[in-house]
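Quick note on labels: first sequence line is chain A, next is B, and so on, each numbered from 1.
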Amino acid sequence: MSVVEQTVKPYSREWLLSDRPQSRRQAKLGRAYVVWRRFGENRLALLGLVIILALLFVAAFAGVLAPHDPLQGDLRNARLLPPGAEGYLLGTDDQGRDILSRLLYGSRLTLLVVVLVAVIAAPVGLIVGTVSGYAGGWIDAVLMRITDIFLAFPKLVLALALVAALGPGIENAILAIAVTSWPPYARIARAETMTFRQSEFISAVQLMGASPFRIVMRHVMPLCLSSLIVRVTLDMAGIILTAAGLGFLGLGAQPPLPEWGAMIASGRRFILDQWWVAAMPGIAILIVSLGFNLLGDGLRDALDPKEAGQ
Amino acid sequence: MAPMDTSAVTRRPQRRVPAFASALMRFIVMAATTLLGLLAVTFFIGRVIPIDPALAIVGDRAPQHVVERIRLELGLDLPLYQQFWIYLKQVASGDFGTSVLTTNPVLTDILRVFPATIELATVGTIIGAVLGIPLGVLAAVKRGSIADQVVRVIGLVGYSVPIFWLGLLALVLFYAKLGWVAYPGRMDIVYEYTFTPTTGFYLVDAIWQGEWDVVRDLFRHIILPGALLGYFSLAYISRMTRSFMLNELSQEYIVAARAKGLSEARIIWFHALRNAAVPLVTVIALSYAGLLEGSVLTETIFAWPGLGLYITNSLQNADMNAVLGGTVVIGAVFVGINLLSDLLYRTLDPRTRSR
Amino acid sequence: MTPLLTVEDLRVSFPTRTGTVDAVRGVSFSLGRERLGIVGESGSGKSQTGRAIMGLTPNQADVRAKKLLFGDMDLLAMPPKERRLLRGKRLAMILQDPKYSLNPVMTIGLQIVETLKTHERISSKDARARVLQMLEAVQINDPERVFDLYPHEVSGGMGQRAMIAMMLVCGPDLLIADEPTSALDVTVQLEVLAILDKLVAERGMGLIFVSHDLRLVSTFCDRVLVMYAGRVVEELSSANLDQAQHPYTQGLLNCLPHIGSHRHPLPVLERQKEWAE
Ligand SMILES: Nc1ncnc2c1ncn2[C@@H]1O[C@H](COP(=O)(O)OP(=O)(O)OP(=O)(O)O)[C@@H](O)[C@H]1O
Ligand SMILES: [Mg+2]
């Protein structure tokens, strides 16, 4: 078989799709391009991406986008106005505050919660899982036992108990959710580590005298990242729902913060006559967690076509 | 070339039956250590995190001598490991302390409210499985079709919607506006005086006693929260069913079944589903456990007098003993359900079963 | 006399995201009550040819043929239900690996009974007797015991015999065996082949035997089709294997090891674009 060396323009489609990449970068970009194309074919996944981008945008520019002050309402003239009332697109709550503005600002809290939980829980899970999977033996046994114990708790109930002890507040809610979130990540990272612990390239690095610490940090962890990212994305919706649940029970963000779950709780009293006060924040939660779920689903399908839903 | 096939059968090891027993043993040991860990975590939450655990238990307004007594009871002046030991001994003897709110022992309270939660979660799981499995099968068989997309979206929305919010809206619609279901609570107040439940599982009791009026009333109360929990369970079960069925339908034994001339219906509902049922059992068990958790928020919306409502009420009143007791019980039930589902898995899959 | 099977210009194509994959591109042959071998490298379309004849092509694929006749029945024109009832009854297929082609949660006996009950009105007792008889016919010594075993409890060779029993129990006219021995240990392969050989001869079935192994096929079959990239590149009778014309067939023959020859470098199969045209 003769190989015809063609010169293709770098970064063009053919260059990216070449099955003989000339450099490591070309290979990497090529793989990313394939994943992106698979992702892009999935309309629902794109919708998810759009929702999340919109969330980021809204959170960044809440100050510009919001027509009213989220905390200070017009108690005299604007109490419990229905959606569509002049100047209040989504209506107002019992304090005369514009619901739309509160939702826009609330997106910041939502984003804060998911980002902080991910930043705390994912590395913990990654470290526990890779160390456990790489070390094996009793270290593995002990770490997995601990992981199992945390998995055995229903997440929300454990978070409730923790917040009960720590005291209500958004920081404690985040901490509590993070404590309940890491075990699945540890499981995934461990499973991934086990699959290539025995592989040639790890033995090669071992032969070169790399320390276990270095191997885990430089060679094992990066390989676990993609499945971990998918899982974290899929978990985001659950995190948002748990945070909203805590807020609803009065254990998360405290008034007057425009946290969506707490907003539903405060709208509960008027649900029969002024349904929108409770309904609007729920819709916001639904849209955002749907966005994360769609995105996570699409990512998983794109990264692992075997599992693909289509 | 005849007599070669005695050796061709893999000799079944004699220790198969003991293997099952040893698996059971291992499960029990695992469950025991998990429970111990569970208690260590609740101990940590209840006795280590709070600045003054005694105050956390009796509340700020308790008189000084009560606080002192609790301090002594908990052994707060002793080293931590001794305190943990005291805690373990108490829990082992069924003593989770006294609830400030109800002034009853926490265990008594929990035993009283738990059947309501079990009943609700069971109704939810039944609804979820009865609807979710056929939907999942449909989605897998008609993969990529509109039906598949619809099932997928139903599932994703179920994963994404806040349960308490959906509950509130459902109450407004079906109770306040349409009047199809009864008001929040477990049954109408009138029946509180005429109906004496024996086991705490009202539906079972009422059917057993032949009190059909009560059954109807109970049904009108449980249907909405049950359907709500059922929806969440459906979202999970249908999704997993779909993925298990897709996996089974791509196996070679399905091709072989077609080559035998079996009908599609038999291939799907008998061959593929029977194989998918093996992992599905675990999924249904997990979803049941998940509903116990989901009941925390659902019960607050529907004033359902179960463990979830008990825990949230206690939370609101900073009743630490009750919160921790409830947490331990739900955690223990979780562990138990996991153990059961593992054992059930083994009996369903001949590859792991002793014969 | 009409042949058992007539295939003319059979085409199978799969739509995929990157375009259409033509797995089979115009295969023609006809078959009496004889043994036909199909050889070719992996991906050459052997299995898809067999499956198209059985009617087991995946839904998304497109199957066409100028003629696809079983006896004088037009397989492509007949209603799906009738076609299904042909399968297992008159047309049968043995798959490659018994580890995967038997339902893991059903006992072997019941899986064979199922074939019978699908095609014949028969009492459970009679069905059981017939199955035990069939198990004996595939040289299983203690059929009573094997009847109640699950697939994972038997060896590969035993599993493949059960598979043969399952497919032959209704007495089909045509059997397609898709690499029936490739997944088995070398020692067991010969046993299973011998059983197959005997049953096909006794019952006068037509056989399509799919394999990678040209030498094996030539000893086992009367005629051989050599497939490359979805086409038949050559048809030979087994006796005249060495008269192969096509360079691809010659290449296949060349790759077979000969005792006593030390060839360096090892021959490599050559492929040329034109062959696929
Ligand atoms: N579901 C499918 N979708 C797309 N292409 C397919 C599908 N099934 C088979 N093919 C393609 O059809 C071609 C022929 O496949 P087939 O299974 O008939 O090969 P084969 O000759 O039996 O090979 P092997 O010896 O490996 O079994 C292959 O190139 C394969 O890629
Ligand atoms: Mg094949």
Side-chain angles (χ1 to χ4, degrees), chain A residues 44 48 145-146 148-158 160-168 176 179 234 237-238 240-242 244-245 247-251 260-261 264-265 267-268 271-272 275 278-279 281-283 285-294 296-297 306-310, chain B residues 30-31 33-38 40-42 44-46 48-50 56 143-144 148-149 152-153 156-157 159-166 168-169 171-172 176 242-243 246 289-290 292-294 296-297 300-301 308 311-312 314-316 318-320 323-324 326-327 330-332 334-335 338:
Chain A
L44 285 176
R145 222 65 273 288
I146 294 174
D148 281 349
I149 288 166
F150 278 87
L151 273 178
F153 275 107
K155 271 180 139 180
L156 182 65
V157 176
L158 180 58
L160 283 178
L162 267 170
V163 177
L166 293 165
V179 167
L234 280 169
I240 291 174
L241 292 180
T242 311
F248 179 76
L249 293 173
L251 299 169
W260 296 346
I264 297 178
R268 191 179 171 184
I271 188 97
L272 283 179
W275 54 269
I283 294 172
I285 298 174
L286 174 59
I287 290 175
V288 171
S289 45
L290 196 59
F292 276 113
N293 272 330
L294 291 173
D297 241 25
K306 277 198 311 291
E307 293 266 301
Q310 305 270 298
Chain B
M30 291 255 287
T33 52
T34 308
L35 276 181
L36 199 66
L38 220 78
V41 174
T42 47
F44 188 81
I45 294 173
V48 183
I49 297 180
R143 173 190 210 180
D148 184 17
Q149 297 290 349
R152 185 178 178 134
V153 170
L156 279 172
V157 170
Y159 274 107
S160 312
V161 67
I163 189 168
F164 48 96
W165 175 76
L166 197 59
L168 281 175
L169 296 192
L171 261 181
V172 171
R242 176 183 184 276
S243 114
L246 280 179
L292 289 181
E293 177 179 21
V296 171
L297 287 165
T300 42
I301 301 293
I311 292 180
T312 46
S314 312
L315 267 172
Q316 244 101 43
D319 187 350
M320 204 61 188
V323 172
L324 288 183
T327 309
I330 290 198
F334 252 52
V335 174
N338 275 326

Under a 4.5 Å heavy-atom cutoff, which of A:Leu272, A:Thr242, A:Leu158, A:Leu286 has the most pairs with chain B? A:Leu286
Pick whichever of A:Gly291, A:Ala164, A:Gly238 has the most heavy-atom pairs under 4.5 Å with chain B. A:Ala164
Top contributor to chain B interface from A:Gly245, A:Gly250, A:Gly261 [non-hydrogen pairs under 4.5 Å]: A:Gly245
How about A:Phe153 and B:Val41: do any of their side-chain heavy atoms sit closer than 4.5 Å? yes
With side-chain contact (heavy atoms from CB on, under 4.5 Å) as the test, would you mind laying out the steps for B:Thr33 and A:Asp148 before giving the verdict? CA-CA 10 Å; B:Thr33 52; A:Asp148 281 349; over 6 Å; no
Under 4.5 Å to a heavy atom of chain B? For A:Phe150 that would be side chain
Report yes if the side chains of B:Ile49 and A:Leu162 come closer than 4.5 Å at any heavy-atom pair, otherwise no. yes
Let's test your reading of the structure: which of B:Leu324, B:Ile301, B:Asn338 forms the most heavy-atom pairs below 4.5 Å with chain A? B:Ile301
Minimal heavy-atom distance between A:Ala165 and B:Ile45, with the atoms involved, is CB-O, 3.2 Å
Shortest non-hydrogen pair, A:Arg268 vs B:Thr300, comes out as NH2-O, 3.2 Å
Trace of the side-chain contact (heavy atoms from CB on, under 4.5 Å) decision for B:Val323 with A:Leu160: CA-CA 8 Å; B:Val323 172; A:Leu160 283 178; 5.7 Å; no
Counting heavy-atom pairs under 4.5 angstrom with chain B, the leader among A:Gly267, A:Ala237, A:Ala279, A:Ala278 is A:Ala279
Any A:Phe248 side-chain heavy atom under 4.5 Å of B:Leu297 side chain: yes
So, for A:Pro154 and B:Glu293, which heavy atoms are closest and what is the spacing to 0.1 Å? C-OE2, 3.4 Å
Interface residue of largest heavy-atom contact number with chain A, from B:Leu156, B:Val157, B:Val335, under 4.5 Å: B:Leu156
Would you name the heavy atoms of A:Leu241 and B:Tyr159 that are closest together and state the gap between them? CD1-O, 3.3 Å
What part of A:Leu44 gets closer than 4.5 Å to chain B, counting heavy atoms only: side chain, backbone, both or neither? side chain
Using every non-hydrogen atom in the two residues, find where B:Gly37 and A:Ile149 come nearest and quote the distance to one decimal. CA-CD1, 3.4 Å
Counting only heavy atoms closer than 4.5 Å, note whether B:Val161 contacts chain A via side chain, backbone, both or neither. both
Among B:Gly46, B:Pro162, B:Gly326, the residue with the most heavy-atom pairs under 4.5 Å to chain A is B:Pro162
Which pair of non-hydrogen atoms, one from A:Ile264 and one from B:Leu168, has the smallest distance, and what is that distance? CG2-CD1, 3.9 Å
Is there a side-chain contact between B:Trp165 and A:Ile283, using heavy atoms and a 4.5 Å cut-off? yes
Residue part contacting chain B, namely of A:Leu251, when any heavy atom lies under 4.5 Å: side chain
Using non-hydrogen atoms and a 4.5 Å limit, figure out which bit of B:Thr312 sits close to chain A: side chain, backbone, both or neither. side chain
